[in-house]
Colleague: 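Structure provided below as structure tokens; questions to follow.
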Protein chains: 4
Amino acid sequence: MAKKTGEKYQAIIDAAVRVIARQGYHNAQVSKIAKEAKVADGTIYLYFENKDDILISLFNEKMGNFVETNRRHIAEASSIEQKLYVLVHAHFSQLSLDHDFAKVTQIELRQSNPHISEGIGNVMKQYFDLIDEVIREGIDKGIFHPDIDVRVARKMIFGTLDEVTTSWVMKQCKYDLVYHTESVHNLFLYGMKGK
Amino acid sequence: MAKKTGEKYQAIIDAAVRVIARQGYHNAQVSKIAKEAKVADGTIYLYFENKDDILISLFNEKMGNFVETNRRHIAEASSIEQKLYVLVHAHFSQLSLDHDFAKVTQIELRQSNPHISEGIGNVMKQYFDLIDEVIREGIDKGIFHPDIDVRVARKMIFGTLDEVTTSWVMKQCKYDLVYHTESVHNLFLYGMKGK
Amino acid sequence: MAKKTGEKYQAIIDAAVRVIARQGYHNAQVSKIAKEAKVADGTIYLYFENKDDILISLFNEKMGNFVETNRRHIAEASSIEQKLYVLVHAHFSQLSLDHDFAKVTQIELRQSNPHISEGIGNVMKQYFDLIDEVIREGIDKGIFHPDIDVRVARKMIFGTLDEVTTSWVMKQCKYDLVYHTESVHNLFLYGMKGK
Amino acid sequence: MAKKTGEKYQAIIDAAVRVIARQGYHNAQVSKIAKEAKVADGTIYLYFENKDDILISLFNEKMGNFVETNRRHIAEASSIEQKLYVLVHAHFSQLSLDHDFAKVTQIELRQSNPHISEGIGNVMKQYFDLIDEVIREGIDKGIFHPDIDVRVARKMIFGTLDEVTTSWVMKQCKYDLVYHTESVHNLFLYGMKGK
DNA sequence: CATGAATGAGCTTTCATTCAT
DNA sequence: CATGAATGAAAGCTCATTCAT
């Protein structure tokens with residue numbers, strides 16, 4: 001029923017990101033998105049099941065690219081330490097490139113309803129898997145401590161990246177997010193303990 | 001105008017936590033909260049400015065206790081490592097004690113509007129300050145690495161605790177959250193690197 | 001049931017005039033009037049049937065005095081022309097003395113509901129009768145034209161006084177209302193036609 | 001935002017007049033007006049900003065026509081006396097033609113809130129200006145007494161017409177309003193004094 | 001394919017009135 | 001007599017979704 005391709009499909013997704021980033025999730029009415037996309041209200045429903053579907057599609061599309069790009073970069077790194085570094089760096093640098101998407105991801109989409117959370121679960125799973133793979137490889141290669149609980153470590157990694165990014169967005173993206181890559185990478189690798 | 005004490009005040013706060021935890025933020029109408037609190041709709045407005053005020057008060061009240069309890073526990077610990085351990089342990093154990101509040105904090109309140117986010121900023125700041133103090137003390141005493149960026153470390157700590165807790169809530173609190181204290185503590189202290 | 005005497009009765013009436021004049025009819029909640037009268041909300045209902053009853057009583061009490069005073073002044077005048085003059089003069093000067101009551105009468109009470117309009121009908125009737133008496137006496141004494149329709153003339157007189165006063169109130173009572181007595185009196189007596 | 005044309009716009013205005021005239025201002029809920037106009041509640045808000053806007057538009061639309069018609073009739077009259085006569089006659093006859101509108105104008109709209117009063121100020125000003133013009137012309141042509149205060153005379157004219165009409169409406173429009181044209185006209189011109 | 005006017009269910013908040021103390 | 005905390009009905013407005021054109 002809903003045709004998920006075509007230039008109008010993309011126009012609507014892009015419009016949605018802009019509107020939500022600019023006006024906030026609670027002011028992102030379908031009619032506003034339609035107007036921003038230069039499309040009639042009803043046209044939205046030729047490409048999306050309902051409003052939630054716009055948001056889910058938006059997130060999946062963008063986050064799908066995000067994960068894929070990140071995965072590609074990681075694949076190019078040689079050492080495990082490098083891979084972890086690239087993971088952090090790519091996370092920060094990709095979100096730095098698109099403030100609108102960063103705001104939507106870190107702030108606005110969290111204000112959405114349960115439906116949406118479910119709809120985006122799949123892509124998030126892929127990101128989590130990506131992080132898990134790096135960790136496992138590190139353990140297998142004897143670089144990371146063998147007793148590390150992969151899932152806990154992944155939550156640390158993701159939780160930290162997420163919190164750092166959210167803080168940055170809430171401070172209006174005013175400083176350089178990528179700059180923190182090294183600090184974060186160091187904390188992940190060596191923790192806080194001095195020698 | 002709004003009298004923020006009394007047993008009805010508490011009854012409404014408690015009812016709100018239950019209703020939101022059970023039915024979700026988007027189904028938590030004022031009338032439902034009133035009914036759950038065994039109070040008339042209008043009575044709500046004798047104790048709260050508006051609906052947002054219920055949620056903000058709820059969070060501040062509960063989270064205020066949370067921070068205070070955590071702070072007290074930490075004060076009792078002797079070594080820095082112990083303090084960090086207690087920080088993690090208290091975070092997990094307190095949220096383990098009140099699944100409803102955990103759900104409201106980790107999931108539902110994030111679906112709220114910007115106004116609420118602002119209203120709860122102050123208590124969160126206090127929690128962040130508490131974490132910062134521990135980190136700073138650790139650095140000052142030479143336990144933590146001197147080059148650590150306090151704010152980044154704090155974001156790692158909070159981000160991790162938050163992510164671990166959210167995962168647990170989304171898995172219906174089915175496993176023992178406190179059990180992860182040690183893993184998390186270890187990661188914070190020593191990172192992932194094997195020796 | 002409602003005891004219409006006592007100092008609290010008066011206090012409530014006076015408070016009502018002040019509150020309505022200051023904040024407007026639509027912001028004159030019972031609780032505000034009670035507060036202004038330094039009385040509990042419930043106390044209002046020991047002296048008045050309901051909110052409308054406050055307003056009706058207020059109007060009748062004040063307007064009753066108004067009519068009585070006006071009647072007394074008129075009685076003291078000798079000629080018919082004098083009586084008409086006094087009628088106009090008293091109307092303007094009495095309302096000039098109490099801006100709050102003027103505002104309530106001319107503006108706020110007209111925003112009230114049908115119940116109130118009915119409740120104040122009786123005193124208005126007395127004022128209309130007073131005007132009618134003057135007109136009739138003028139006709140009987142051959143001073144006013146015998147073909148004048150008393151009711152129409154009365155409506156002209158009251159309508160004019162009312163409109164002039166309302167304009168004055170809406171201009172914040174900034175100019176001298178009584179000053180217009182002569183112009184109005186002249187128009188009533190001789191009309192607009194030049195010789 | 002609100003499209004102030006189209007047949008639905010008119011249907012809503014007409015429905016509002018009927019509902020308010022029949023049930024009174026305080027019983028004229030938006031949903032009732034919508035039902036009477038055979039339109040959904042939400043449709044109202046495609047054509048009007050809010051409830052007040054319905055009433056303001058209604059009044060301005062109808063009263064605008066009223067003033068225009070009256071002005072046209074007056075322009076056709078030759079002598080000043082004729083113009084004054086036509087002014088009175090048109091006022092009465094136009095309101096006689098639409099009892100519902102008369103009731104809304106004379107009774108119900110006065111029960112509205114300050115916002116509405118402001119919104120209708122402009123059209124009233126135009127009516128006042130029209131009356132002023134007639135008076136001034138009368139003075140300039142030496143028909144009316146040169147010492148007449150235009151604004152006072154206008155208040156007499158409008159106040160009288162208004163009071164006569166209100167009385168008629170409150171008596172259920174049971175008698176012929178236009179019949180009083182002559183009495184009123186005479187009073188305006190010659191006053192009450194016999195020769 | 002595209003439009004956009006129309007729909008109508010749903011929710012927060014106010015405030016006159018009551019009644020247990 | 002007096003209090004004032006509690007009541008709960010009532011109404012304006014929004015906005016995702018539909019469907020005739």
Side-chain angles (χ1 to χ4, degrees), chain A residues 3 6-9 26-35 37-54 113, chain B residues 1-3 6-9 12 26-35 37-54, chain C residues 3 6-9 26-35 37-54 113, chain D residues 1-3 6-9 12 26-35 37-54:
Chain A
K3 190 193 134 199
E7 60 181 41
K8 295 215 169 158
Y9 175 79
H26 287 277
N27 272 312
Q29 293 87 343
V30 171
S31 60
K32 271 189 195 156
I33 295 173
K35 196 172 190 181
K38 287 176 180 152
V39 147
D41 292 16
T43 304
I44 299 262
Y45 292 87
L46 297 175
Y47 294 90
F48 299 90
E49 303 274 356
N50 48 42
K51 190 186 178 184
D52 284 357
D53 191 26
I54 305 177
N113 63 54
Chain B
M1 194 139 282
K3 193 188 131 206
E7 60 180 39
K8 296 232 160 129
Y9 176 79
I12 293 165
H26 288 276
N27 272 313
Q29 294 88 338
V30 171
S31 60
K32 272 188 194 156
I33 296 174
K35 197 170 190 181
K38 286 176 181 150
V39 145
D41 290 18
T43 304
I44 299 264
Y45 293 87
L46 295 177
Y47 294 91
F48 300 90
E49 303 273 356
N50 48 43
K51 191 186 176 184
D52 283 359
D53 191 28
I54 305 177
Chain C
K3 189 193 136 199
E7 62 181 38
K8 296 216 168 157
Y9 175 79
H26 286 276
N27 272 312
Q29 293 85 341
V30 171
S31 61
K32 270 189 196 157
I33 296 173
K35 196 172 192 182
K38 287 176 180 152
V39 146
D41 291 18
T43 305
I44 298 263
Y45 291 86
L46 298 174
Y47 294 91
F48 300 89
E49 303 274 355
N50 49 40
K51 190 186 178 184
D52 283 358
D53 190 26
I54 306 176
N113 62 53
Chain D
M1 194 138 282
K3 192 187 132 208
E7 59 180 42
K8 297 232 160 129
Y9 176 78
I12 293 166
H26 288 276
N27 271 313
Q29 293 89 340
V30 171
S31 60
K32 271 188 195 157
I33 296 173
K35 197 170 191 182
K38 286 178 180 146
V39 146
D41 290 19
T43 304
I44 300 265
Y45 293 87
L46 294 176
Y47 294 91
F48 300 89
E49 303 274 355
N50 48 43
K51 191 185 176 186
D52 283 358
D53 191 28
I54 305 177

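The basis for the numbers below is simple: all heavy atoms, side chains too, and nothing from hydrogens, waters or symmetry mates. Each chain gets a letter, A, B and so on, in the order its sequence line appears, and its residues count up from 1.
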Colleague: Look at the side chain of A:Q29 and decide which nucleotide, out of F:dC15, E:dG4, F:dA9, has an atom nearest to it.
Modeller: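 In terms of side-chain proximity for A:Q29, the closest of F:dC15, E:dG4, F:dA9 is F:dC15.
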Colleague: Is the shortest side-chain N/O distance from C:K8 to OP1 or OP2 of F:dA2 below 4.0 Å?
Modeller: yes
Colleague: Compare the minimum distances between each of E:dT18, F:dT7, E:dT13 and the side chain of B:K51, then state the nucleotide with the smallest one.
Modeller: E:dT13
Colleague: So does C:Y47 get a side-chain nitrogen or oxygen closer than 4.0 Å to the phosphate oxygens (OP1/OP2) of F:dA2?
Modeller: yes
Colleague: Take the protein atom CG of D:N27 and the nucleotide atom C1' of F:dG12, then report the distance between them rounded to whole Å.
Modeller: 15 Å
Colleague: If each of C:H26 and D:D41 is mapped to the nucleotide of DNA chain E with the nearest heavy atom, which maps nearer the 5' terminus, i.e. the 5' end?
Modeller: D:D41
Colleague: Any chance you could measure A:K32, atom NZ, to A:D41, atom CG, to the nearest 0.5 Å?
Modeller: 12.5 Å
Colleague: Output the rounded distance in Å from NZ (D:K35) to C1' (E:dG8).
Modeller: 13 Å
Colleague: Can you check the B:Y45 OH to F:dA9 C1' distance for me, whole Å?
Modeller: 14 Å
Colleague: Rounded to whole Å, how long is the line connecting atom CZ of D:F48 with atom C1' of E:dA6?
Modeller: 15 Å
Colleague: What is the nucleic acid contact for B:V30, judged by heavy atoms within less than 4.0 Å: base, sugar-phosphate only, or nothing?
Modeller: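 Base contact - B:V30 has a heavy atom under 4.0 Å of at least one base atom.
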Colleague: Judged by each residue's nearest nucleotide on DNA chain E, which is more toward the 5′ side, D:T43 or C:D52?
Modeller: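 Checking each residue's closest nucleotide, the 5'-ward one belongs to D:T43.
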Colleague: Tell me whether A:K51 contacts the main-chain N or O of A:V30 through its side chain, where contact means a donor paired with an acceptor under 3.5 Å.
Modeller: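 Between the backbone of A:V30 and the side chain of A:K51 there is no qualifying donor-acceptor contact (under 3.5 Å).
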Colleague: Walk me through it: do A:I33 and A:K35 pass the test side-chain contact (heavy atoms from CB on, under 4.5 Å)?
Modeller: CA-CA 5 Å; A:I33 295 173; A:K35 196 172 190 181; over 6 Å; no
Colleague: Give the rounded distance in Å between these two atoms: CD of A:E49 and P of F:dT17.
Modeller: 10 Å
Colleague: F:dT3 P sits how many Å from C:K38 NZ, rounded?
Modeller: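 Interatomic distance, NZ of C:K38 to P of F:dT3: 13 Å.
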Colleague: Looking only at side-chain atoms of B:A40, point me to the closest of F:dT17, F:dT7, E:dT7.
Modeller: F:dT7
Colleague: Give the rounded distance in Å between these two atoms: CD1 of A:I54 and C1' of F:dA16.
Modeller: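 About 10 Å, once rounded to whole Å.
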Colleague: Nearest to the side chain of D:N50, heavy atoms from C-beta on, is which of F:dT3, F:dT17, F:dC13?
Modeller: F:dC13
Colleague: Anything under 30° is parallel, anything over 60° is perpendicular, the rest tilted; go ahead and classify C:Y9 against C:Y47.
Modeller: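 Aromatic pair C:Y9/C:Y47 classed tilted.
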Colleague: Sort out the partner of E:dT12 for me: Watson-Crick or G-U wobble, both distances under 3.5 Å, none otherwise.
Modeller: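 F:dA11 is the nucleotide pairing with E:dT12.
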Colleague: OH of D:Y9 versus C1' of E:dA5: gap in Å, rounded?
Modeller: 18 Å
Colleague: Quick one: pull up CD1 in B:I12 and CD1 in B:I44 and give me the separation to the nearest 0.5 Å.
Modeller: 4.5 Å
Colleague: Taking the side chain of C:L46 as its heavy atoms from C-beta onward, which of F:dA2, E:dT3, E:dA16 lies nearest to it?
Modeller: F:dA2
Colleague: Any strand counts, and the cut-off is 3.5 Å on both contacts for Watson-Crick or G-U wobble. Which nucleotide pairs with F:dA16?
Modeller: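 Across any shown strand, F:dA16 pairs with E:dT7.
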